[in-house]
Each structure stands twice: as C-alpha cells, then as structure tokens.
Protein chains: 2
Amino acid sequence: MDILIKNVLLNNRKVNILVRNGRFECLDAAPGTVAEKELDADGCAVLPAFYNTHTHAAMTLLRGYGDDNPLNVWLQEYVWPYEDKLTAEDIRRGSEMACREMISTGTVFFNDMYFDIDGTMDEVDKAGMRASIGITIMDNHSKAVSDEKARIIRDWKDRGNLTLAVAPHAIYTVGRERLIASARLARENGRKLHIHLSETAKEVQDCLVQTGTTPVRYLDSIGFLGPDVIAAHCVHVDKEEWDILAERGVTVSHCPCSNMKLGSGRFPYELAIASGVRVTLGTDGSSSNNNLDMREEMKVAALLAKVTGDASLLSANLVLQWATRNGAEAFGYDSGVIAEGKLADAVLVSLDNPKMQPCHNLVSNWVYSADSSCIKHVICNGKVLL
Amino acid sequence: MDILIKNVLLNNRKVNILVRNGRFECLDAAPGTVAEKELDADGCAVLPAFYNTHTHAAMTLLRGYGDDNPLNVWLQEYVWPYEDKLTAEDIRRGSEMACREMISTGTVFFNDMYFDIDGTMDEVDKAGMRASIGITIMDNHSKAVSDEKARIIRDWKDRGNLTLAVAPHAIYTVGRERLIASARLARENGRKLHIHLSETAKEVQDCLVQTGTTPVRYLDSIGFLGPDVIAAHCVHVDKEEWDILAERGVTVSHCPCSNMKLGSGRFPYELAIASGVRVTLGTDGSSSNNNLDMREEMKVAALLAKVTGDASLLSANLVLQWATRNGAEAFGYDSGVIAEGKLADAVLVSLDNPKMQPCHNLVSNWVYSADSSCIKHVICNGKVLL
C-alpha cells in the first residue's frame, strides 16, 4: 500500500513524503500526488525510528519487581525465583506488553534474548515490528534450549521481519566448548550471535581467575568474535580490547540505564568512540531499566558520557545515530535514516509539544528534551503502527 | 470550589477524594458525596506533584541552543550573547513556555533565578502555579538588579502563590560585601536566599585561591548559611562541608541532568544522604538539561547515584520524596504528600499506559519507567491545571 505523509517537516522544509512498497519512494512528492492512504503530519517532524539492540522483552513482566536492592539480592531473591515460574503464555503476554511499549516510544526493531521464544515471535508478527530473536544457550538453566533444540535454527526460514539469532548468554554461564559450538552453529546458518560481554567488574575478575585473560581476549582466543557478533554492555573493556572488537567488526550494544541501575559502571565512551567500533543502543530488559524507551536511553547515554568533564563528548547527532542507523546496519536492514530508497521506518514527532519548543535544533530537542508524549505516529516498513 | 476526584487509586485502593478550599478534605469520601466539580480518575493513581527547586524558567528560550560544545564555548559564544539580547517580553514568553511545560510534566512549584522578573511572575499567576522568584544579584552584569532595586523586596507583599527571594548568583559573581548584604536583606524581610554553590571543580579551585578556603566554608565564615538558604548543585562538597550544611539547616537543590550535561561531575549522594541535609531536586534551566521534567530528573538522579556500584543507593521512594515533599517543606508549603489537611497538589497518572504495567510497585514505575505521556491531570491548590 502507498502512503502519502503530508506537510511533514524534513530538514527544515515542509514536504509530502511518498512511501511505496515499504520504502521511501520520494521525499518531496509533487503537490497533487495521490496515495491509497494519507497521513496529515502538519506540525510534525519526521525522524528515524529506533533500533533497540539488546532486550529481554518478556521481562517487562518484572518491571519494578525487587528494585533498589543490592544486585545479588535482586537476582537471587526476586528475578530468578520469578522467572522460574514463568509459563510460555506468561512470556507471550510479557512480549506483547513490550511490543506495545516499544511502538508507543518509537522503536520498530529489537534484538531479544530470552526463553520460550515462540510467543515472542508471534507478538512481533502481530505488532508489525521487526526483531531478531535469540535462542538462549546457557549451561545448567532449566529454560535454556538444549543443543539439540538449538539446531532448529538450521531449518528455520526467516518470516517477514523476523529472524533468529544464536544467543549464548555470557562467558560465565556458557562453557568454552559450547561457546565454540554456538559460534559454529550461527556461522553455518548465517545467523547473528548475541551475548552479554564484560558487563561487570566481577565478570572480568572471574574470567581472569578462570582463563588467565579478560573476557574480550578470551572470546577472541576461541574464535568467537566477528562481524556477526552483537555484544551487549562492554562496560569493563580496556583500550586494547576495544581495538580487538573494532578489528573483528563486532557491534556493541550500549545499555546505559541498565548499567547505572545495576551499579555496573560507566561505559568507556572515550575508548569506544576512538576505537571506531560500531556502537548501538539497547534498553536491556524492563526489570533493570525500567522501560524500553530508546529516547530516554539516548539522553542518559549522552549525559553519562559528559559527566566526567567533557561536555562535547557524545553529541545529540552521534547518539541518535547509535540508536537508529547503527542498529539498522548491524542487522543488515536498509534503514535507520530518512532517505529515498530506504525502508520506511520513521517517527513523526509533534513540534507543538512544549518539550519541542523553541526549535533551535530539532535533534537536540529530540534527544535531550522530548519524551514519548511528543510522538504522534510510528511507521515501520511503510505501515503506520501508532 | 470543591472537587471530587472519583475512582482514583491511592495506596492500592480505589477511593473518592474530596478537595475543599484547596486542601485534601477527605481521602475516602463516602459514596454519594457531591461536589461542584467531579473528575473521573478511573484507571489513574494519585501521586504528589513536583516541587522544582532550581530553575531559570525563561532560559527555555535557549533550549538546544549551542549544545554539545565545551562549557566555555557554550557560555561565551552562545548563552551570554543570546541573553544579552533578551527583552522583558522575551523573558515573559520564555516563562510562559516554561510554565506550560512544567504543568504538562507534573510540576506545581518552581524556585527561579533570572532577570526582569515581572513577566515571569505574571505567567506564574496566569498558569495557576506556585513559585519563588529570585531577584538576581550579580556584580558587573547588565541585567542584574541594583542594590537599590533589590530593596523592592521590602515593600513587596506575597500575592497568592507567589513569593520573592533574594538570589545572589554565586560566590564567583558576587563579592563578599554584597553576599553579606544580600543575606541581611533576605533575613530582614523573611525571604529565602537562592544561590549556586560548588557546582564545578573550577569554582572550588578559584575559591581556594581567592579566599584560602572552599565555597561552603567561605559562605559559612561570612554568616551566609542558614535554614533560609537554597543552595543549587553542591557537586563538589566534602564530608565536613556536608556537616556544615546540615548543621546550618541549608536546603540543597540537586540538578543531575545539568551537572552531567555540563560535565560538572557526579553529586556525592553517599555524603549528602549520610549528612542528613534536606536534599531536593531541580532541573536547572532548559538550556543545560534540556527540559523541566522532574520525572526524568528523578530517574537520572537514582541512576547516577547507583552507577558507581551500590544498586540500593537512592531508592525510588527516597528520590520521589526529594522531588516532592522535601521541596514543599523547604519553601514552607504544607504540601508534597497526599494526606488529609494538606494542600491539594497532585498528579493523576494513568495506569493504562504501557509504561505503568504491570504494577508491582507504583512508585518504582513512576520513577524508573513513566514519562509525561502517563500524566492525565495535574492539580495545584485544588485547581485542575491539566
């Protein structure tokens, strides 16, 4: 179906945008252009939609459950016992809530890692979003898939906007041989690898004790790292490790709210940016954030970058790129920017909202001032989801 | 006028709340209670409204202007030249925008410091909010009031919800004698003193060079500190200084977004909390935040407290108290909590919003997950402003 987005602000000009077959066909359609559907976006600006590169969507069920406790109390007394009791239907419901929230906050894609993935996949389809759903591999976890079951990935055909990934949970929950087997399984089938990496100082210390080296070096030594790897967190990564990640083409998913809330530490923005690694943004699950709002994630990232003294570090433009284009590129979507020929993913933001006024700088207002009350419409693949 | 707020969630119970003469008359009005106005709040929870204790409202005009530059470039090349050109009418307009934004984000009171205050006062009246408006005292600043003019505070009668304060800008912009005179002027007239204090490491260094001591000790040595002082920022304050602030009964306005965005540093939460000082929250002006959204300020404060490792530091309940009750108490308003007899200031938050679901813990959802899209109504002094 064609859509004509009328009277929308793009690069400081009011234009009509024609969307055809899920792509931006023309960013300045001539007056009189007709389409099957018209969307009057007068008073709105068009901005790229979000790509959330690290989530546990169903954990929306645990939002606000056991907050403000020390990390080990939160995990052992709240999260794990709760998760043990989750049924497949619970996970479907949690995923449905997550999709609703993501759409209402401008996100069209998420990279997930959780259990009982069928319900999550169904909800993504229903919502009209895109997702990469990780098959979670973990040693000694009742809900993790067996190696046998993980092989479903061989026969699985991508459907619409949905793809599968192989998701070995972390180096401290998956043994060496299984990490190697996971990487092989992903690569033989052209799938992404999704892993938590160097999230806490403890992870690094334990890795040093057990392997004699740090997490990034350890994964590199077993051939795990490559351009198909999405590594979430990377808080405790030294300069040489950033160079390794860059050389291997790894994509990093930075999750500032979660890192702060769990006391994991400050992401080393200076090193990450200098290394040239592709950095993207993720919210992590709602139990450690506690939302899936990528606009807020952008602001918190830009603020946390600056707090140590350099007010010019991580500009609004750069963090918006992390949250949109870089995520799309990491997952091979021809999207993440508003340009002719690109997939039509977009957020239409009301400029009448007090938070968007005055408008010296649209991107700055979007990153530092807006919230989801400014979002009027969300478009994914040429379809209006909100 | 009486208002009956119907079917609203309070402490996990659905109740009808009767507001009379600007106060909560009854938090569980009997069925059949009638009032001149009824507000159906079905699906909403009632929470205390925000008291924003450090703002420069009119600087909303500079939102997003010159962002992401080093601090000195931002100030010298953007902020100061822009401010030089502001007319009294500009300041009125900026204040109007600020009031609109504050109401839409749940704030009913702000403590301001800026120039040409008449327009700001008019807009507060029009908006139906409360404010303390600082008369800004600065050496060598064209827009600062003269000592002569500052004396208007003697004759000024509080009108409605508006009060005046004496606002010597900072120790590095106001000389010793004038600081002393400002304190005297405030105390002779029963007004608050509003000052920026120990915002940056440079302020502390310069103070050491010029006075031989640190900013808090310096202000204490000239008799400035007392229970009528609202000190904004206090980022670079050592343990003994926190004890001094506590002993003098000073109220601190913590502004995490601004401190982060300008690279000023992390507020010493551990010391502040241990000292027993009354901490409140402020957004600072929109040019260094870039909004006036106290909900976001709460989340950023709670996250910044935790980032260094203690996930239990600054709980959702405590930061909500900073943002509401502590601010009300600092300014002598019998408000900041939802209780019978208190001034009827409140935010009605929609529990149907995806960000508020599920609801294991209402306060946690409000602090860590919500945004202004969850706000259905805002009430100040028993009047529905939104």
Side-chain angles (χ1 to χ4, degrees), chain A residues 60-71 73-74 97 100-101 104-105 256-257 259-266 286 289-291 293 296 299-300 302-304 306-317 353-355 357-362 364-365 368-373 375, chain B residues 60-71 73-74 97 100-101 104-105 256-257 259-266 286 289-291 293 296 299-300 302-304 306-317 353-355 357-362 364-365 368-373 375:
Chain A
T60 301
L61 293 170
L62 284 84
R63 193 196 316 269
Y65 185 64
D67 276 341
D68 299 326
N69 281 296
L71 188 63
V73 174
W74 175 68
M97 294 166 80
R100 252 184 89 201
E101 185 192 346
S104 72
T105 53
C257 287
N259 298 159
M260 295 174 85
K261 186 154 179 286
L262 302 181
S264 305
R266 177 180 172 271
S286 274
N289 185 310
N290 293 346
N291 62 33
D293 187 334
E296 192 170 81
K299 176 166 181 173
V300 172
L303 294 184
L304 186 60
K306 294 167 171 61
V307 67
T308 50
D310 182 357
S312 67
L313 190 64
L314 193 49
S315 68
N317 281 313
N353 191 294
K355 284 170 167 263
Q357 294 179 345
C359 195
H360 295 294
N361 182 329
L362 174 66
S364 174
N365 279 2
Y368 291 119
S369 177
D371 69 13
S372 75
S373 73
I375 297 178
Chain B
T60 301
L61 294 170
L62 284 83
R63 195 198 313 270
Y65 186 64
D67 275 340
D68 298 326
N69 281 296
L71 187 64
V73 174
W74 174 69
M97 294 166 79
R100 253 184 88 201
E101 185 191 347
S104 71
T105 54
C257 288
N259 297 158
M260 295 175 86
K261 185 154 180 287
L262 302 181
S264 305
R266 176 179 174 272
S286 274
N289 184 312
N290 294 346
N291 61 34
D293 187 334
E296 193 170 80
K299 176 167 181 175
V300 171
L303 295 183
L304 186 60
K306 294 166 172 61
V307 67
T308 49
D310 181 357
S312 67
L313 190 64
L314 192 49
S315 68
N317 281 314
N353 192 292
K355 285 171 166 263
Q357 294 179 344
C359 194
H360 296 293
N361 181 328
L362 174 66
S364 175
N365 279 1
Y368 291 120
S369 177
D371 69 13
S372 74
S373 73
I375 297 178

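Quick note: numbers below take in every heavy atom, side chains included, and nothing from hydrogens, waters or symmetry partners. Letters A, B, ... mirror the listed sequences (proteins, then strands); counts begin at 1.
- Looking at B:Thr105, the atoms closer than 4.5 Å to chain A (heavy atoms on both sides) all sit in the side chain, from C-beta outward.
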Which is it for A:Asp371 and B:Lys355 under the side-chain contact (heavy atoms from CB on, under 4.5 Å) test, yes or no, and what are the steps along the way? CA-CA 12 Å; A:Asp371 69 13; B:Lys355 285 171 166 263; over 6 Å; no
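- Counting all heavy atoms, side chain and backbone alike, B:Asn361 lies closest to A:Gly64 at CB-O, 3.5 Å.
- Contacts with chain B were tallied for A:Met97, A:Arg266, A:Gln357; A:Gln357 has the most, counting heavy-atom pairs under 4.5 Å.
- Checking A:Asp68, A:Asp67, A:Asn291 one by one against B:Tyr368, the side-chain hydrogen bond (donor to acceptor under 3.5 Å, both in side chains) holds for a single residue, A:Asp68.
- Closest heavy-atom contact between A:Ser104 and A:Ser372: O-CB, 3.7 Å.
- Annotation: the span from A:Cys257 atom SG to B:Lys306 atom NZ amounts to 12.0 Å, rounded to 0.5 Å.
- For chain A, the nearby part of B:Ser264 is the backbone; its heavy atoms alone come within less than 4.5 Å.
- At a threshold of 4.0 Å, the pair A:Arg63-A:Glu101 counts as salt-bridged, since one of the basic side-chain nitrogens sits closer than that to a carboxylate oxygen.
- The candidate with the highest count of non-hydrogen atom pairs below 4.5 Å against chain B, out of A:Leu362, A:Leu314, A:Asn317, A:Leu62, is A:Leu62.
- Your options are A:Asn259, A:Leu71, A:Asn289, and the one with the most heavy-atom pairs under 4.5 Å with chain B is A:Asn289.
- Neither the backbone nor the side chain of A:Ile375 has a heavy atom closer than 4.5 Å to any heavy atom of chain B.
- Here the closest non-hydrogen pair linking B:Trp74 and B:Tyr65 is NE1-O, 3.5 Å.
- With chain B as partner, the option from A:Ala370, A:Ser315, A:Pro358 having the largest number of non-hydrogen pairs under 4.5 angstrom is A:Pro358.
- When each of A:Asp293, A:Asp310, A:Leu303 is checked for heavy-atom pairs under 4.5 Å with chain B, A:Leu303 comes out on top.
- For A:Leu313, no part lies under 4.5 angstrom from a heavy atom of chain B.
- Ranked by heavy-atom pairs shorter than 4.5 Å toward chain A, the options B:Asn353, B:Val73, B:Leu61 are led by B:Leu61.
- With a threshold of 4.5 angstrom between heavy atoms, B:Asn365 approaches chain A through side-chain atoms but not through N, CA, C or O.
- The contact between B:Asn69 and chain A is made entirely by backbone atoms, counting heavy-atom distances below 4.5 Å.
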